[in-house]
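Here's the structure, in structure tokens; my notes come after.
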Amino acid sequence: MFLANLAILVLAGFIGFAVISKVPNTLHTPLMSGTNAIHGIVLLGGLIVLGTTASGVLDKILLVIAITFGTINVVGGFLVTDRMLGMFKKKPEQKGASTDE
Amino acid sequence: MFLANLAILVLAGFIGFAVISKVPNTLHTPLMSGTNAIHGIVLLGGLIVLGTTASGVLDKILLVIAITFGTINVVGGFLVTDRMLGMFKKKPEQKGASTDE
Amino acid sequence: MSNVITLLYIIAFALFIYGLMGLTGPRTAVRGNWIAATGMGVAIIATLLTPHLSNWLLIILGVALGTLVGIPSARQVKMTAMPQMVALFNGVGGGAVALIAWVEFRDLHGYAGQPAYVPVTSLFAAIIGSLSFWGSLVAYGKLQEILPGRPISVGKYQQPLNFGLLAAAVACAVAIGVGVDSQLLIIGLLVFAAALGLMTVFPIGGADMPVVISLLNACTGLSAAATGLALNNTALIVAGMIVGASGSILTNLMAKAMNRSIPAIVAGGFGGVTVAADSGSVGDKTVRQTSAADAAIQMAYANQVVVVPGYGMAVAQAQHAVREMASLLESRGVEVKYAIHPVAGRMPGHMNVLLAEADVPYEQLREMDDINGEFSRTDVALVIGANDVTNPAAHTNPGSPIYGMPILNVDQARSIIVLKRSMNSGFAGIENELFYDPKTTMLFGDAKSSVNTVSEELKAL
Amino acid sequence: MSNVITLLYIIAFALFIYGLMGLTGPRTAVRGNWIAATGMGVAIIATLLTPHLSNWLLIILGVALGTLVGIPSARQVKMTAMPQMVALFNGVGGGAVALIAWVEFRDLHGYAGQPAYVPVTSLFAAIIGSLSFWGSLVAYGKLQEILPGRPISVGKYQQPLNFGLLAAAVACAVAIGVGVDSQLLIIGLLVFAAALGLMTVFPIGGADMPVVISLLNACTGLSAAATGLALNNTALIVAGMIVGASGSILTNLMAKAMNRSIPAIVAGGFGGVTVAADSGSVGDKTVRQTSAADAAIQMAYANQVVVVPGYGMAVAQAQHAVREMASLLESRGVEVKYAIHPVAGRMPGHMNVLLAEADVPYEQLREMDDINGEFSRTDVALVIGANDVTNPAAHTNPGSPIYGMPILNVDQARSIIVLKRSMNSGFAGIENELFYDPKTTMLFGDAKSSVNTVSEELKAL
Ligand SMILES: NC(=O)c1ccc[n+]([C@@H]2O[C@H](COP(=O)([O-])OP(=O)(O)OC[C@H]3O[C@@H](n4cnc5c(N)ncnc54)[C@H](OP(=O)(O)O)[C@@H]3O)[C@@H](O)[C@H]2O)c1
Ligand SMILES: NC(=O)c1ccc[n+]([C@@H]2O[C@H](COP(=O)([O-])OP(=O)(O)OC[C@H]3O[C@@H](n4cnc5c(N)ncnc54)[C@H](OP(=O)(O)O)[C@@H]3O)[C@@H](O)[C@H]2O)c1
């Protein structure tokens with residue numbers, strides 16, 4: 001199981017590298033913000049632990065905080081990225097000017 | 001097991017897509033030849049089946065042929081790619097002329 | 001059931017990857033972001049399908065709280081405050097990782113009877129998560145100007161101190177790993193990691209914060225992947241690792257774009273401090289001052305004016321005033337363009353954000369490579385609070401810290417007007433020969449008020 | 001043990017991916033290829049570590065045979081025959097897949113008691129592997145000119161026939177899947193797939209073969225991945241799928257570079273046939289002929305000559321003669337450059353291969369984008385067996401089949417000399433206005449002998 005997970009980990013790492021090869025400078029900040037939202041996926045970890053194994057008050061408090069944090073990360077992250085990207089909305093008009101893909 | 005393999009399959013597919021985004025035209029043929037050598041990996045399939053489950057003369061004959069084929073694919077593939085790439089050997093000299101990375 | 005969950009996870013991470021690919025191109029970025037968000041929705045739903053899930057009320061409580069905090073903070077933050085908001089969001093992500101690792105430790109009674117990879121990945125996640133949480137808070141504080149932006153350090157003891165903190169955190173982890181089941185150890189680990197986070201980011205100058213945030217972002221991604229390995233959860237592994245890897249690359253790209261190296265940044269200094277620059281031949285050169293009226297006349301009779309905005313325009317919040325002045329010039333038949341250097345300001349895209357906010361037409365914003373050929377045809381280059389990004393030393397002085405950085409070739413314009421408050425240097429803390437160029441005149445003062453005065457003069461012409 | 005194998009597999013596919021990344025850049029390609037080969041070595045060694053492996057003698061026999069055949073054929077093949085060699089290597093890979101699937105069927109007694117994914121993936125592999133084997137053989141035959149290069153088809157029955165063959169192969173698979181354990185079914189499946197491979201590639205013209213080989217390459221990759229799923233082998237899954245995905249993209253890029261669409265290619269036609277082109281305004285235009293002596297004089301007194309090689313130079317094997325002529329010109333102080341169109345000839349990089357073989361200095365080879373700005377400064381553009389890649393219709397005639405393809409702007413040169421045998425058209429089968437341009441003169445004849453005569457004249461000058 002762990003080895004299959006390790007294989008998956010290595011492949012995902014390569015994908016991360018390969019996808020971010022050439023990115024225009026203006027997209028650096030939105031891209032950082034978008035990937036930031038994606039790691040909010042830890043929320044799932046909070047859900048699983050709270051929903052299956054957690055017991056005791058302290059555990060539950062910690063996990064509710066973790067879930068709150070994770071949700072903030074996800075919700076806030078995607079929304080703020082979208083707002084940042086607002087500045088690219090005007091681009092399509094001058095699409096013809098760009099080279100063919 | 002199958003699902004873990006499926007996850008691996010999907011990730012590998014994305015890697016294939018992501019890696020081949022912009023390739024100069026002159027590299028198309030060597031790249032085709034290089035990936036061609038890589039799928040010679042089926043050789044492993046032949047090794048495993050012949051080495052573990054094969055029985056009967058016909059099976060063995062078929063598998064020896066399969067292994068021969070796979071080996072040709074691998075050995076010939078990498079060598080011919082290397083020869084094709086011979087034409088890029090002279091490039092480093094004028095490295096300064098290219099843009100930074 | 002668990003098959004369905006795994007299948008949905010595969011769909012979810014495929015959406016993440018596809019969305020991320022979209023995020024790398026301006027035309028597909030908005031859609032890419034929403035595709036990734038959809039992936040997140042799928043992943044969450046899949047998780048909620050886990051059989052025999054309990055504590056539903058608490059789950060709902062946590063999600064509701066997070067949503068209630070997340071939406072308004074993302075909605076209301078000002079465009080220019082977004083980097084620190086990203087730092088906060090990143091920090092809470094790291095905090096979640098650390099808390100989950102803590103609970104894991106408690107639930108599993110010090111990992112008794114677990115295979116080795118569980119403590120290793122879980123404690124790794126705990127250290128990095130805690131570091132990322134506290135480091136991000138400092139980055140937030142600095143950018144939000146709650147904390148001083150200048151580097152704060154304990155001097156030459158900084159490096160040994162940080163190293164000691166790291167060693168202490170790892171020592172706790174090792175003790176737990178060899179079987180000591182003590183709450184104190186895990187708390188100690190989290191505290192040492194927290195101190196390390198604080199001590200690493202405090203000595204870094206405010207201007208380097210975008211790079212630091214990106215680095216912490218990559219760290220949180222890695223810690224999420226480690227959590228995934230510990231919990232045996234494919235979605236966490238894939239999503240976390242992708243962020244970890246792409247975040248590292250992105251950090252590198254960002255540092256390169258501003259001609260900085262990541263080790264140098266993490267080691268502190270430079271960003272924000274004035275380094276003793278080799279001012280070279282500058283010395284008995286003279287500076288020509290101009291008045292708003294003269295500047296107005298010069299521009300009014302130009303064919304083409306190129307505005308070169310920089311960090312000073314952001315500080316002065318002069319973007320609306322600039323837009324107004326440009327309209328006045330255009331109504332007189334002057335062609336106005338904006339030269340956008342990729343690292344003008346203090347975050348990538350800073351100038352685009354500001355000028356877009358002031359409704360400058362997109363077509364007038366020109367990227368560096370586009371506009372550099374045009375300066376020789378330009379009558380007036382109006383430099384508004386930009387400094388380093390126009391510094392010809394990048395081309396001419398191999399000893400300069402910015403040597404090799406691509407710059408806007410402002411010095412090729414027929415005449416140059418520079419708006420800034422003093423002869424002070426910019427981010428890199430170095431002299432700028434451009435200001436002593438015989439073609440250059442300086443209009444001293446806050447950028448916003450200078451531009452407004454120029455506009456008044458234009459109207460009066 | 002099996003943990004060690006899996007770990008080695010992970011290392012192996014990491015090397016594949018890293019090597020593949022290297023293969024996409026000219027400076028890293030050679031190293032990338034060897035990195036991938038190292039990965040293959042690791043994967044093979046890992047597999048041989050499988051516990052209780054038997055039949056060692058047969059394994060060694062197969063590997064030895066393959067090596068003995070593979071090395072000399074790769075070593076001795078001529079540069080220009082490499083595409084067909086790749087086709088052969090690809091074919092045997094597909095053959096291996098099909099044979100393994102066949103044995104799997106026999107060993108597992110028609111997949112009795114196996115989970116559903118085993119027959120599905122294994123039979124998919126069988127069909128695609130067989131198709132790829134036979135299709136590749138035809139591609140080889142066409143390029144090697146054992147088979148006629150022109151499209152061979154049964155006309156309008158071709159599509160229904162192919163569809164029927166596919167349906168028959170799938171029907172066999174379904175019958176096996178629902179539990180019929182008959183050797184006849186698997187043999188039928190392999191035969192139908194083989195016929196489909198033949199019938200698909202026969203109707204495609206020789207000039208489209210590079211794209212077809214790339215497509216078959218992607219197919220073999222996919223079938224290897226399917227074999228991996230059936231055998232539960234990570235290395236096969238990853239390597240096969242990467243080839244499948246990258247091969248598809250590559251096929252697309254190749255087709256785009258020559259302005260063709262993959263469906264159009266697979267549907268046959270065009271490649272090799274002369275399409276009825278809308279010759280437009282060509283009609284009462286005249287062609288100016290020149291002599292070798294005149295051409296020699298014209299070039300000897302030029303400042304800059306740009307050689308534009310095309311398919312005809314490859315046919316005539318004129319590269320050495322061209323190189324010699326260029327040396328003569330250079331010894332007279334003429335600057336000689338070569339304009340390399342990305343799809344000149346019949347495979348990407350065709351001209352680079354030929355000219356490199358003739359030891360033309362690398363600095364003189366200029367890519368299209370580099371050289372296009374220079375034609376206006378060029379005294380003589382010497383077009384040697386190139387046609388489509390110089391055709392101005394790509395810019396001017398929206399009705400032309402090559403409209404939109406980037407071309408070499410040969411028509412901007414001060415004068416143009418075209419070496420070809422007749423007024424026949426090139427690959428796209430269309431008229432070329434360039435030949436009727438008043439600045440153009442034609443030197444008819446085989447490219448090699450024409451160039452040699454010009455060289456003689458140059459020496460006599
Ligand atoms: N974009 C990014 O992502 C990023 C991130 C971190 C660092 N950096 C670095 O930041 C620099 C950016 O260059 P830049 O040319 O935009 O800025 P800069 O070189 O930092 O110069 C800004 C100038 O604006 C002037 N200024 C400040 N407040 C002003 C006001 N209210 N009114 C008028 N002028 C004012 C300052 O001079 P006075 O004090 O005399 O007025 C200063 O010289 C580069 O070195 C870059 O590497 C960029
Ligand atoms: N590069 C690739 O990967 C690839 C692959 C497939 C297709 N294509 C296509 O192939 C074409 C390539 O263009 P191209 O300009 O190189 O070639 P072309 O358009 O095919 O023209 C070649 C010309 O060479 C002449 N020729 C043939 N044999 C000759 C000889 N022995 N001596 C002198 N001339 C000779 C022919 O005219 P005569 O018969 O009058 O002598 C013909 O017009 C493009 O349309 C491209 O899309 C390229």
Side-chain angles (χ1 to χ4, degrees), chain B residues 1-2 5 8-9 12-13 15-17 19-20 23 25-36 38-42 44-51 53-54 59-60 62-82 84-85 87-88 90-91 94, chain D residues 16-17 20-21 23-24 26 29-30 33 37 40 47 53-55 58 62-63 65-67 69-70 73-74 85-86 89-90 92-93 95-97 99-100 103 107 117 214 217 220-221 224 227 229 231 236-239 241-243 245-247 249-250 254 257 342 347-349 352-353 356 362:
Chain B
M1 203 62 213
F2 176 69
N5 284 340
I8 289 174
L9 187 80
I15 291 180
F17 278 112
V19 170
I20 316 292
V23 186
N25 272 303
T26 32
L27 279 175
H28 286 173
T29 309
L31 193 56
M32 171 169 83
S33 178
T35 55
N36 174 44
I38 291 178
H39 67 50
I41 188 102
V42 287
L44 304 194
L47 295 178
I48 293 171
V49 179
L50 180 55
T53 62
D59 277 13
K60 288 183 182 169
L62 292 178
L63 286 172
V64 170
I65 300 178
I67 293 178
T68 309
F69 276 5
T71 311
I72 295 177
N73 190 173
V74 169
V75 174
F78 284 116
L79 278 181
V80 95
T81 309
D82 186 58
M84 278 185 198
L85 290 170
M87 63 169 155
F88 293 102
K90 290 174 191 161
K91 203 136 198 176
Q94 60 141 30
Chain D
F16 288 150
I17 299 170
L20 194 60
M21 287 174 167
L23 269 171
T24 61
V30 176
N33 184 49
M40 189 62 77
T47 309
L53 212 62
S54 57
N55 283 326
L58 291 178
V63 172
L65 274 180
T67 312
V69 177
S73 33
M85 197 40 85
V86 174
F89 292 154
N90 177 56
V92 291
V97 168
L99 291 174
I100 292 169
V103 175
D107 278 4
Y117 74 85
S214 177
N217 181 40
T220 312
T227 308
L229 286 174
L231 294 176
L236 254 76
I237 299 174
V238 174
M241 190 63 205
I242 288 175
V243 176
S246 64
I249 303 282
L250 188 60
M254 286 173 76
M347 61 171 184
N352 300 62
V353 173
Y362 193 87

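The structure presented is a predicted model; accordingly, all values stated were derived computationally and were not measured. Sequence lines set the chain letters: A, B, ... in the order given, protein chains first and strands last, and positions in each chain run from 1.
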(request) State the CD1-CG distance between D/I237 and B/N5, to the nearest 0.5 angstrom. (result) 3.5 Å
(message) Nearest 0.5 angstrom please: D/T220 OG1 to B/N73 CG, how far?
(response) 7.5 Å
(request) Could you go through the side chain to side chain contact (heavy atoms under 4.5 Å, CB included) check for D/L99 and B/L63 one step at a time? (result) CA-CA 7 Å; D/L99 291 174; B/L63 286 172; over 6 Å; no
(request) Report yes or no: does D/S54 contribute a side-chain atom to a donor-acceptor pair with the main-chain N or O of B/G51 at less than 3.5 Å? (result) yes
(message) Can you give me the closest heavy-atom contact between D/N33 and B/F78, atom names plus distance?
(response) ND2-O, 3.0 Å
(message) Tell me which of these, B/G40, B/G70, B/G13, has more heavy-atom pairs under 4.5 Å with chain D than the rest.
(response) B/G13
(request) Quick one: pull up CG in B/L31 and CD1 in D/I249 and give me the separation to the nearest 0.5 Å. (result) 11.0 Å
(request) Sequence neighbours left out, what passes side chain to side chain donor-acceptor pair (under 3.5 Å) with B/T81? Give chain and number order. (result) B/S33
(message) Tell me the closest heavy-atom pair linking B/A66 and D/A96, and the distance in Å.
(response) O-CB, 3.5 Å
(request) Check whether any side-chain heavy atom of D/V69 lies under 4.5 Å from a side-chain heavy atom of B/T71, and answer yes or no. (result) no
(request) Measure D/M21 against the heavy atoms of chain B and call it side chain, backbone, both or neither at under 4.5 Å. (result) both
(request) Select one option (side chain, backbone, both, neither) describing which atoms of B/V64 are under 4.5 Å from chain D's heavy atoms. (result) both
(request) Check each atom of D/L231 against the heavy atoms of chain B and say whether the ones under 4.5 Å are side chain, backbone, both or neither. (result) side chain
(request) With a 4.5 Å cut-off on heavy-atom pairs, point out which of B/N36, B/L62, B/I72 contacts chain D the most. (result) B/N36
(request) Go through the steps for D/S246 and B/T35 under the test side chain to side chain contact (heavy atoms under 4.5 Å, CB included), then give the verdict. (result) CA-CA 8 Å; D/S246 64; B/T35 55; 3.7 Å; yes
(request) Among B/V75, B/L44, B/I65, single out the residue with the greatest number of heavy-atom pairs under 4.5 Å to chain D. (result) B/L44
(request) Rounded to the nearest 0.5 Å, what's the gap from CD1 on D/I100 to CG on B/L47? Could you check? (result) 8.5 Å
(request) Identify the two heavy atoms, one from D/I242 and one from B/A12, that lie closest to each other, and give their separation to 0.1 Å. (result) CG1-O, 3.6 Å
(message) Quick check on B/I15 against chain D: is it the side chain, the backbone, both or neither that has a heavy atom closer than 4.5 Å?
(response) side chain
(message) Can you give me the closest heavy-atom contact between B/A54 and D/N55, atom names plus distance?
(response) O-ND2, 4.3 Å
(request) Could you tell me which of B/I48, B/L79, B/L50 has the largest number of non-hydrogen atom pairs under 4.5 Å with chain D? (result) B/L50
(message) How close do B/V49 and D/V103 get, counting heavy atoms only, and between which atoms?
(response) CG1-CG1, 3.9 Å
(message) Which atoms of D/I17 are under 4.5 Å from chain B, going by heavy atoms: the side chain, the backbone, both sets, or neither?
(response) side chain
(request) Taking the side chain as every heavy atom from C-beta outward, state whether D/F89 and B/V74 have any atom pair closer than 4.5 Å. (result) no
(request) List the atom of B/G16, the atom of D/A245, and the distance in Å for their closest heavy-atom pair. (result) CA-CB, 3.9 Å
(request) Indicate yes or no: at least one non-hydrogen side-chain atom of B/L27 is less than 4.5 angstrom from one of D/T24. (result) no
(request) Identify which of D/L20, D/V63, D/T227 forms the greatest number of heavy-atom pairs closer than 4.5 Å to chain B. (result) D/V63
(message) Once rounded to the nearest 0.5 Å, what's the spacing between atom CE of D/M40 and atom CD1 of B/I38?
(response) 6.5 Å
(request) Using a 4.5 Å cut-off on heavy atoms from C-beta on, say whether the side chain of B/V80 contacts that of D/V86. (result) yes
(message) If we define contacts as heavy-atom pairs under 4.5 Å, which of D/V238, D/L250, D/L65 has the most with chain B?
(response) D/L250
(request) Measure D/S73 against the heavy atoms of chain B and call it side chain, backbone, both or neither at under 4.5 Å. (result) neither
(message) Under a 3.5 Å distance rule, please check whether B/D82 uses its side chain to pair with a backbone N or O of D/V30 as donor and acceptor.
(response) no
(message) Is there a side-chain contact between D/N90 and B/H39 in this structure, where contact means two heavy atoms from C-beta onward sitting under 4.5 Å apart?
(response) yes
